[in-house]
Amino acid sequence: MVNIVKIGGNVIDNPEKLASFLSDFAKIKGPKILIHGGGKIATKIAKDLGIETKMVEGRRITDEAMRDVVTMVYGGLVNKQIVAKLQANHCNAIGLTGADGKSILAQKRPVKTIDYGFVGDILEVNALFIKSLLDADIVPVFAPLTFDMNGDMLNTNADTQASAVATGLSSLLPTNLVYCFEKKGVLSDPENEDSVISELNPANYESFKNQGVIYEGMIPKLDNAFSSLRNGVSQVTICHADELKNALETGNAGTKITL
Ligand SMILES: Nc1ncnc2c1ncn2[C@@H]1O[C@H](COP(=O)(O)OP(=O)(O)O)[C@@H](O)[C@H]1O
Ligand SMILES: CC(=O)N[C@@H](CCC(=O)OP(=O)(O)O)C(=O)O
C-alpha cells in the first residue's frame, strides 16, 4: 500500500505544527508521497508584493503576476523547506512540481463564465515515473503546481492534486489517501471540535451540505475524496495533522470516507 498524504496551508503556516507533522510523516514505513498546499502563505507574500488575492469557489484567480508568486512560493520556499526538514528527519525526499519528470500534465482551465488564468486542470499523472522514485526508496514531495505543453506553469489546488496522484498510482499499486488539516475531521457542528463524523458517505454528505454544516473548503475536499474512491483509491481519511500516525496505524482517527 502506498500512503499519499496531503497537508494543508494552515498547518504549513505554523512552524511548530509543521515540524511535528513532518517528524510523524518521516516515520511512516513503506512507500509514501506528500502533497502540500500553502495557499495562506502565497496570499501573505502576494500581499507584501502589492498583489491582491481573488478566490472564486476556493480556487485562486491566477494572473501572470500571481502565477509567478505561486511558482516561487509553492515550488521554491514551501517545497524546499519541507524537503530539508524531511531530510533532517532521515527521510530521503525529493521536491517536485508537476513539470518535473513530466509527473503531472495539465491544461489551462478553459474560460467559461470565469477566467481563472493560469490554473491547471489535470490531464495525466505519470504513475510509472512516480513509482520509479518509490522503488528507489525516494519520497516524492509535490508542490501544488502543474504544467502544460505550451511551457507554462499552472496553479492546481493541492487537494485535487493529491486525489489525482492517488488515483493515477492506483492503476499500479493499492493507494491510501489521507487529508491532514487543522481540525479533528469533518465536524457535524463546526463550533464543536469534538463533533467528528466518524464515517461519511455521499448521502449524509448531501444532507450535511444542505444544512450548511459542511461548507467552503470542505466541499471541494470531500468532492475530491469521493471521486478518489470511485476511481480506484482504496481508502480515504480526513484527519488532524497530529493524528496521522493514529489514522495509519489504527484506522481510528478523523473521518473515514465511504461510498
Ligand atoms: N463540517 C466541517 N468540518 C470541518 N471543517 C469544515 C467543515 N465545513 C467547512 N469546514 C472548513 O473547511 C476548512 C478546510 O478546508 P481547506 O481550508 O480547503 O483545507 P486545507 O487547510 O486542507 O487546505 C476548515 O478549515 C474549515 O474552516
Ligand atoms: C488553483 C488554486 O486555488 N490553487 C491553490 C493551491 C494551494 C493550495 O491548495 O493550498 P491549501 O491546500 O493550503 O489550500 C491556491 O493557490 O490557493
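Nothing here was measured: the structure is a model prediction, and the numbers come from that model. Start at 1 and go down the list; that is how both ligands and their atoms are numbered.
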Q: Kindly confirm or rule out an N or O of Val70 lying under 3.5 angstrom from an N or O of ligand 2.
A: no

Q: Using a strict cut-off of 4.0 Å, indicate which atoms of ligand 2 neighbour a heavy atom of Gly37.
A: 8 (C), 10 (O), 11 (P), 12 (O), 13 (O)

**Q.** Test item, Gly38 contacting ligand 2 (heavy atom, 4.0 angstrom)
**A.** yes

Q. Considering only heavy atoms of Ala158, which atoms of ligand 2 have at least one such atom less than 4.0 Å away?
A. 8 (C), 9 (O), 12 (O)

Q. Quick check: does Arg60 get an N/O under 3.5 Å from an N/O on ligand 2?
A. yes

Q.
Any nitrogen or oxygen of Lys40 lying under 3.5 Å from a nitrogen or oxygen in ligand 2? Just yes or no.
A. no

Q. Do any nitrogen or oxygen atoms of Lys221 come within less than 3.5 Å of a nitrogen or oxygen of ligand 1?
A. yes

Q.
Measuring from atom 15 (O) of ligand 1, which candidate in Gly217, Gly39, Ser188, Ala162 has the nearest non-hydrogen atom?
A. Gly217

Q | Nearest candidate to atom 3 (N) of ligand 1, where distance is taken over non-hydrogen atoms, out of Asn10, Leu222, Leu200, Leu187 | A | Leu187

Q: Could you pull out, from Lys183, Glu216, Lys40, His36, the option with a heavy atom nearest to atom 26 (C) of ligand 1?
A: Lys183

Q. Got an N/O contact under 3.5 Å between Lys6 and ligand 2?
A. yes

(Q) If we set the cut-off at 4.0 Å for heavy atoms, which region of Phe181 has an atom near ligand 1: side chain, backbone, both, or neither? (A) side chain

Q. About how many Å separate OH of Tyr179 and CD1 of Ile35, when rounded to the nearest 0.5 Å?
A. 8.5 Å

Q.
Show me which atoms of ligand 2 lie under 4.0 Å from any heavy atom of Thr156.
A. 4 (N), 6 (C)

Q) Would you say the side-chain atoms of Asn210 pair up with the backbone N or O of Glu206, donor to acceptor, closer than 3.5 Å? A) yes

Q. Is a side-chain N or O of Asn231 found less than 3.5 angstrom from the main chain of Ser228, in a donor-acceptor match?
A. no

Q: Could you check atom 25 (O) of ligand 1 against the protein and tell me its nearest heavy-atom contact, residue, atom and distance included?
A: Glu182 OE2, 2.6 Å

Q: Report yes or no: is the cationic atom of Lys221 (NZ for Lys, CZ for Arg) closer than 6.0 Å to the six-membered ring centre of Phe181, at no more than 45° off its axis?
A: yes

Q: Please determine if Val213 has a nitrogen or oxygen closer than 3.5 Å to a nitrogen or oxygen of ligand 1.
A: yes

Q. Is the shortest N/O to N/O distance between Gly9 and ligand 2 below 3.5 Å?
A. yes

Q) Of all the non-hydrogen atoms in the protein, which one sits nearest to atom 23 (O) of ligand 1, and at what distance? A) Lys6 NZ, 3.2 Å

Q. Quick one: does NZ or CZ of Lys108 land under 6.0 Å from the six-membered ring centre of Phe118, within 45 degrees of the ring axis?
A. yes

Q. Would you say Tyr74 touches ligand 2, if touching means a heavy atom closer than 4.0 Å?
A. yes

